[in-house]
Amino acid sequence: MNRKLKMGMVGGGQDAFIGAIHRLAANMDGLIELSCGALSIKPETAIASGKALFLPESRTYLTYEEMFKAEAALPANERMDFVTIVTPNFAHFAPAMMALDYGFNVVIEKPITFSLEEAKLLEQKIKETGLILCLTHTYSGYPMVKQAKAMVREGKLGKIRKVWVEYPQGWLSKLSEREGNAQAAWRTDPTKAGKSSVMGDIGTHAAHLAEYITGSKITDVCAELNTLVEGRVMDDDGAVMLKFDNGAKGVLMASQVAAGEENALRIRVYGEKGGIEWLQHDPNTLIVRWLEEPAQILRAGSNYGHLSSFATHNCRTPGGHPEGYLEAFANIYRNFALTLGCKLDGKEPTPEMLDFPSVEDGLRGMAFIDNVVVSAHSDKKWTPYIL
């Protein structure tokens, strides 16, 4: 590419949280520029947000419908190349489908849609159009998560037997949705969040991480969902036993009422020869434990001879400089941008470039939510994982 990719944004205005994260991540490598936006359903917020981001008035839109139509009418070298959708869950599907209909590639927040049925329609649309969809499962962007995946893929741990993954948060330990917390309000509203609050919001991250690192798919679940804060209408805590298609067994825990916890995502994967452990609170470190050898500590940004090309491709700083959430987010945007750039130039992207979550990951995430909810309300011990 001899220019930056042009990004449009749906949602993410001044009254939002995740929009600013997306903009920072997209901007980190200088490959992408924000060119237009329909930044809020409130006209005054949309206009004020556009001004704050120095967008031209003519490209600060009041609705995504208006934006797609206007951008599609611009010359190819002026219109946006892709759109990022950063709205709440219930407002993902319609703009994503319309963007694809107008020929725009899509980056979208997780979970991909409000329902499994919508995810299936979106997957079909991607197949029909041949366009690219990137799903921002942030944690797969960390270099040492990619190193863990490479070690499993290369058979260094032997056949995988056991997976533990947990995601405890404490921010919903009070009835915050009734205390003016806008983020809590929509995440605990079934008309906006979907069938499950805790599993839709953070359980999908844990499930995706387990499948991403192991390269195996969940086949069965045995789940419990709990609502532990009195007065809340949706689940805020849960646990799931897992079966994988390679014969491995797993345990997944997700809770938003673990008082005092922040975003303590942690995964452990064990094979016949050893195991790995990664924690988001210390993301530059991958602990490797061997059955018959001393444990190892692998670090991002150093010992490149011991890291895979997928890890080094996503390392940004010398050893000792922490690479965190924003960098992981930016890795997803960079890999998507490099892939899209190759497509526009008629070139083949490398496997490292193609290593970002896709519509298939989104579909499996929605299936995870559905199957966990079914299992939690079933008298049967195991529920088959149905797509």
Side-chain angles (χ1 to χ4, degrees), residues 1 4-5 7 9 12 16-34 53 82 84-86 107-110 132 134-151 165 167 169 202 204-206 208-210 212-213 262-267 276-288 297-341 349-358 361:
M1 292 288 291
K4 293 185 177 184
L5 292 172
M7 179 176 80
M9 181 169 277
F17 154 67
I18 202 66
I21 302 295
H22 278 262
R23 290 190 293 271
L24 285 166
N27 190 57
M28 194 171 288
D29 291 286
L31 300 174
I32 298 167
E33 62 184 355
L34 181 67
L53 294 169
F82 72 95
T84 290
I85 299 169
V86 293
V107 176
I108 193 167
E109 257 297 319
K110 47 62 49 195
I132 303 171
C134 170
L135 184 69
T136 53
H137 268 301
T138 317
Y139 308 108
S140 64
Y142 282 98
M144 300 316 283
V145 167
K146 293 186 182 296
Q147 176 64 19
K149 179 180 178 67
M151 293 181 71
V165 59
Y167 198 156
Q169 295 177 334
I202 59 175
T204 49
H205 273 311
H208 178 261
L209 196 62
Y212 178 77
I213 289 177
E262 295 171 340
N263 284 276
L265 178 61
R266 177 189 187 194
I267 186 166
I276 56 94
E277 179 178 4
W278 180 82
L279 302 84
Q280 199 207 185
H281 282 179
D282 186 14
N284 278 31
T285 299
L286 182 69
I287 299 171
V288 187
I297 295 177
L298 301 182
R299 294 278 292 167
S302 63
N303 302 320
Y304 280 141
H306 301 286
L307 300 184
S308 74
S309 62
F310 288 85
T312 57
H313 173 74
N314 292 279
C315 285
R316 295 170 172 275
T317 61
H321 294 291
E323 299 200 39
Y325 181 73
L326 287 177
E327 288 84 357
F329 224 120
N331 286 339
I332 291 175
Y333 264 99
R334 181 178 60 180
N335 291 340
F336 165 77
L338 291 172
T339 296
L340 179 53
T350 66
E352 288 84 358
M353 294 175 185
L354 289 165
D355 186 21
F356 58 85
S358 68
D361 296 284

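Keep in mind that this is a model prediction, so the values were computed, not measured.
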Could you tell me whether a side-chain N or O of [X] sits under 3.5 Å from a main-chain N or O of [Y], the two making a donor and an acceptor?
| X | Y | value |
| --- | --- | --- |
| Asn331 | Tyr142 | no |
| Arg23 | Met9 | no |
| Glu323 | Cys315 | no |
| Thr339 | Met353 | yes |

If you apply the rule side chain to side chain contact (heavy atoms under 4.5 Å, CB included), what do you find for Thr312 with Glu352, and how did you get there? CA-CA 10 Å; Thr312 57; Glu352 288 84 358; over 6 Å; no
In Å and rounded to the nearest 0.5 Å, what is the [atom1] to [atom2] distance from [X] to [Y]?
| X | Y | atom1 | atom2 | result |
| --- | --- | --- | --- | --- |
| Ile21 | Tyr325 | CD1 | OH | 5.5 Å |
| Leu24 | Glu327 | CG | CD | 10.5 Å |
| Tyr333 | Asn27 | OH | CG | 11.5 Å |
| Phe329 | His22 | CZ | NE2 | 3.5 Å |
| Glu109 | Thr136 | CD | OG1 | 3.5 Å |
| Leu298 | Met144 | CG | CE | 5.0 Å |

Scan Gln280, Gln169, His205 and name whichever one has a side-chain hydrogen bond (donor to acceptor under 3.5 Å, both in side chains) with Asn263.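 When Gln280, Gln169, His205 are each tested with Asn263, the side-chain hydrogen bond (donor to acceptor under 3.5 Å, both in side chains) holds only for Gln169.
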For salt bridge (charged side-chain N to carboxylate O under 4.0 Å, His left out), just list the numbers for Asp361 and Lys110, CA-CA rounded to whole Å, side-chain angles, deciding distance to a tenth of an Å, and then say yes or no. CA-CA 10 Å; Asp361 296 284; Lys110 47 62 49 195; over 6 Å; no
So [Y] and [X], do their side chains get closer than 4.5 Å, heavy atoms only?
| X | Y | value |
| --- | --- | --- |
| Phe82 | Ile32 | yes |
| Pro283 | Trp278 | yes |
| Leu338 | Pro349 | no |
| Ile213 | Val145 | yes |

Have His306 and Gln147 got a donor and an acceptor in their side chains that come within less than 3.5 Å?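 Judged by distance alone, the side chains do not pair up.
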Can you confirm whether the side chains of Asn314 and Asn335 place a donor and an acceptor under 3.5 Å from each other?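 A donor-acceptor contact under 3.5 Å links the two side chains.
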Whether over 12 other heavy atoms sit under 6.0 Å from Glu33 CD: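 Above 12, so yes.
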Mind listing the closest non-hydrogen atom pair of [X] and [Y] along with its distance?
| X | Y | answer |
| --- | --- | --- |
| Gly12 | Val86 | N-CG2, 3.4 Å |
| Ile332 | Cys134 | CG2-SG, 3.4 Å |
| Ser140 | Lys146 | O-NZ, 2.9 Å |
| Gly30 | Lys4 | O-CE, 3.3 Å |

Strictly below 4.0 Å, N to O, side chains only: are Arg299 and Asp282 in salt-bridge contact?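 Asp282 and Arg299: salt-bridged.
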Do Tyr139 and Tyr212 have their ring centres less than 6.0 Å from each other?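 No, they do not, as the ring centres are separated by 6.0 Å or more.
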Apply side chain to side chain contact (heavy atoms under 4.5 Å, CB included) to the pair His137 and Thr204, showing each step before the final yes or no. CA-CA 9 Å; His137 268 301; Thr204 49; 4.3 Å; yes
Test Asp355 against His313 for side chain to side chain contact (heavy atoms under 4.5 Å, CB included), laying out the working first. CA-CA 10 Å; Asp355 186 21; His313 173 74; over 6 Å; no
Could you go through Ile297 and Thr285, starting from their C-alpha distance and side-chain angles, then the distance that decides it, and tell me whether this counts as side chain to side chain contact (heavy atoms under 4.5 Å, CB included)? CA-CA 7 Å; Ile297 295 177; Thr285 299; 3.7 Å; yes
